[in-house]
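Everything below concerns the one structure shown next.
Side chains included, hydrogens not; waters and symmetry mates left out as well; all remaining heavy atoms used. Starting from 1, each residue takes its place in the sequence as its number.
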Amino acid sequence: MNDTKLTGIERELVVQYLIDGNVPVTITPLDETEKNLQDAVHPVNSRIFPIAIKGENLTVKKDGVIILENPGNSVKSFINQPVKVEFYFNRVGLYFTSYLNIKKNVYSISIPNIIMRIADEPEEISYDFCASFYYECRTGKDLNLLCVPWENVELFNRPAWKSIPLENQKKAKELLEKYVYDAKLEKNAGNGIQLIPICNYLTFMHSVKIESLQDRIKPLSILYVDHERIVLGLDRINYTFVLHDEYGLKMSFSLKSGPIAARELFVTCIVNKIYTLEDDGRICVDFRYTSIQEEDLRFLFEKATKTLFI
């Protein structure tokens, strides 16, 4: 689906909305080969992470000029360059393209005549393995929470420290030391190998992305899985898991060889531990299986360890 342009009346409503409220935006520099900004009807992919600007750090004047107050050095580097400005209007993702200007030490961006809706482009990805929480045992509530592999981890391979980006390893090491200390006291982390992808996820530099619809529920990220546990990474807005509560979980595997095309496993599991960072919306949830069929245990053990189950 292509992005669509707002009508003149819609644009006026959006500009007034920006004037009236402290609306956070993200700013991304555009490819300098993009010549005709007003005809750019598709977002331009950039290798540079978008920079988030809090609503209290900008003011929108009645003439449609955005004044940036105390912009960081990363924003200042965009001076006199074309930029894409993205934000939400009543939960709908919008963007426009303009230039970042400076005059008398005042940084500004003019809102152009054309404002676009961000296209709704659902991802269609086929996974060899996925999972779904289908039942909350304490309340009897039916669930439908899809879990898919995190794109920055390779499941069913022993986690390695080198998988953590070098620039994040110092912070990750601090977290790991704390988590290992806690695990020794609580005796609830098994061999602890799952702590590496947990530290990776919590310290990973996630790109700030404005989407077609704000706060849309996304699949949860699978960080680790073996014959004893499964670990998820998620945003706090996705779902609130309760420590020690039990859930029904279905695991689905696509089999590339053999007489059947897929295998499904059904287990129950409890929330064993929740890992968080202060002032961050991400959490990791460590689930430990409470019931599992012996043949499923064997299957997961051999898949995760690459050794025969004896």
To the nearest 0.5 Å, atom OG of Ser221 lies from atom CG of Leu223 at 6.5 Å
Shortest non-hydrogen pair, Arg229 vs Asp286, comes out as NE-OD1, 3.0 Å
Could you give me the CA-CA distance, side-chain angles and deciding distance for Glu302 and Arg298, then say whether side chain to side chain contact (heavy atoms under 4.5 Å, CB included) is met?
CA-CA 6 Å; Glu302 294 181 351; Arg298 178 191 302 273; 3.7 Å; yes
key: Intermediate values then yes/no, side chain to side chain contact (heavy atoms under 4.5 Å, CB included), Asn101 and Ile79   = CA-CA 6 Å; Asn101 300 308; Ile79 293 174; over 6 Å; no
Crowding at NZ, Lys162 (>12 non-hydrogen neighbours, <6.0 Å): no
Smallest heavy-atom separation, Asn272 atom then Arg288 atom, equals OD1-NE, 3.7 Å
| task | Could you walk me through whether Val231 and Val225 pass side chain to side chain contact (heavy atoms under 4.5 Å, CB included), step by step? | result | CA-CA 6 Å; Val231 181; Val225 60; over 6 Å; no
When every non-hydrogen atom of Val271 is compared with those of Leu243, the smallest separation belongs to O-CD1, 3.6 Å
### Check: Phe87 ring centre within less than 6.0 Å of Tyr95 ring centre
no
Linking I/L/V/M/F/W/Y whenever any side-chain heavy atoms sit under 4.5 Å apart, do Phe96 and Leu13 land together? no
ask   = Parallel, tilted or perpendicular: which describes the rings of Phe266 and Tyr134, with under 30° parallel and over 60° perpendicular?
value = perpendicular
**Asked** Would a 4.5 Å heavy-atom cut-off, applied to side chains only, mark Asn200 and Tyr224 as touching?
**Response** no
Sequence neighbours excluded, the answer for ring pair (Phe, Tyr, Trp, His ring centres under 6.0 Å) partners of Tyr107 is none
Near Leu185 CG, under 6.0 Å, is it more than 12 heavy atoms from other residues, nucleotides or ligands? yes
Closest non-hydrogen contact found for Lys62 with Ile19 is CA-CD1, 3.8 Å
Discussion item. Would a single hydrophobic cluster contain both Ile102 and Ile27, if residues Ile, Leu, Val, Met, Phe, Trp and Tyr are joined by side-chain heavy-atom contacts under 4.5 Å?
Written reply: yes
- Between Tyr275 and Tyr201, is the gap from one ring center to the other below 6.0 Å? no
If you measure from the Lys or Arg side-chain nitrogens to the Asp or Glu carboxylate oxygens, is any gap between Arg117 and Glu10 under 4.0 Å?
yes
In terms of heavy-atom contacts, Ala172 and Cys199 come closest through O-SG, 3.8 Å
So do the side chains of Val65 and Val60 get within less than 4.5 Å of each other, counting heavy atoms only?
-> no
Margin query: Using only atom types and a distance under 3.5 Å, with no angle test, would you say the side chain of Arg282 pairs donor to acceptor with the backbone of Phe204?
Written below: yes
Rounded to the nearest 0.5 angstrom, the NZ-CG distance for Lys218 and Leu146 is 13.5 Å
For residues 139-160, the salt bridge (charged side-chain N to carboxylate O under 4.0 Å, His left out) pairs (sequence neighbours left out) are none
Any side-chain heavy-atom pair from Ile114 and Met116 closer than 4.5 angstrom?
yes
- Going through the checks in order, is the side chain to side chain donor-acceptor pair (under 3.5 Å) test met by Thr59 and Glu69? CA-CA 8 Å; Thr59 301; Glu69 301 173 3; 2.8 Å; yes
side-chain hydrogen bond (donor to acceptor under 3.5 Å, both in side chains) pairs touching residues 181-198, sequence neighbours excluded, are Lys178-Asp182, Glu186-Asn188, Glu186-Lys273
Please determine whether the number of non-hydrogen atoms from other residues, nucleotides or ligands lying under 6.0 Å from atom CD of Glu56 exceeds 12. yes
- Query: Less than 4.5 Å apart, any side-chain heavy atom of Ser132 and any of Asn144?
  - Reply: yes
Rounded to the nearest 0.5 Å, the CG atom of Leu30 sits from the OG1 atom of Thr28 at a distance of 7.5 Å
Separation between CD1 (Ile198) and OH (Tyr179), nearest 0.5 Å, reads 7.5 Å
inquiry  = For the backbone of Thr268 and the side chain of Thr290, can you confirm whether one donor and one acceptor N or O come within less than 3.5 Å of each other?
reply    = yes
Margin query: I want to check something: taking the side chain as every heavy atom from C-beta on, are Phe287 and Tyr247 in contact at a cut-off of under 4.5 Å?
Written below: yes
### Message
Under a 3.5 Å distance rule, please check whether Glu86 uses its side chain to pair with a backbone N or O of Leu94 as donor and acceptor.
### Response
no
Q) Is Lys173 salt-bridged to Glu177, going by a charged N under 4.0 Å from an acidic O? A) yes
Do NZ/NE/NH1/NH2 and the carboxylate oxygens of Asp226 and Lys303 come within less than 4.0 Å? no
Between the CG atom in Leu202 and the CG atom in Leu176, the distance rounded to the nearest 0.5 Å is 11.5 Å
Count I, L, V, M, F, W, Y as connected when their side-chain heavy atoms are under 4.5 Å apart, and connections chain through other members. Are Ile193 and Ile222 then in the same cluster? yes
Single-linkage hydrophobic cluster Ile230~Ile270, side-chain heavy atoms < 4.5 angstrom = no
Which of Ile66, Asn22, Val23, Leu18 passes side chain to side chain contact (heavy atoms under 4.5 Å, CB included) with Leu58? Answer is Ile66
So, do Leu100 and Gln81 sit near enough that their side-chain heavy atoms are less than 4.5 Å apart? no
Open item on the list: Assigning hydrophobic clusters by single linkage (Ile, Leu, Val, Met, Phe, Trp, Tyr; side-chain heavy-atom cutoff under 4.5 Å), is Trp161 placed with Trp150?
Closed with: yes
Query raised in the report: Should Leu155 and Phe129 count as side-chain neighbours, where that means a heavy-atom distance under 4.5 Å?
Result: yes
Separation between CG (Leu249) and SG (Cys269), nearest 0.5 Å, reads 5.0 Å
In short, Arg138 meets Val242 closest at the heavy-atom pair NH2-CG2, 4.3 Å
Report yes if the side chains of Ile292 and Leu300 come closer than 4.5 Å at any heavy-atom pair, otherwise no. yes
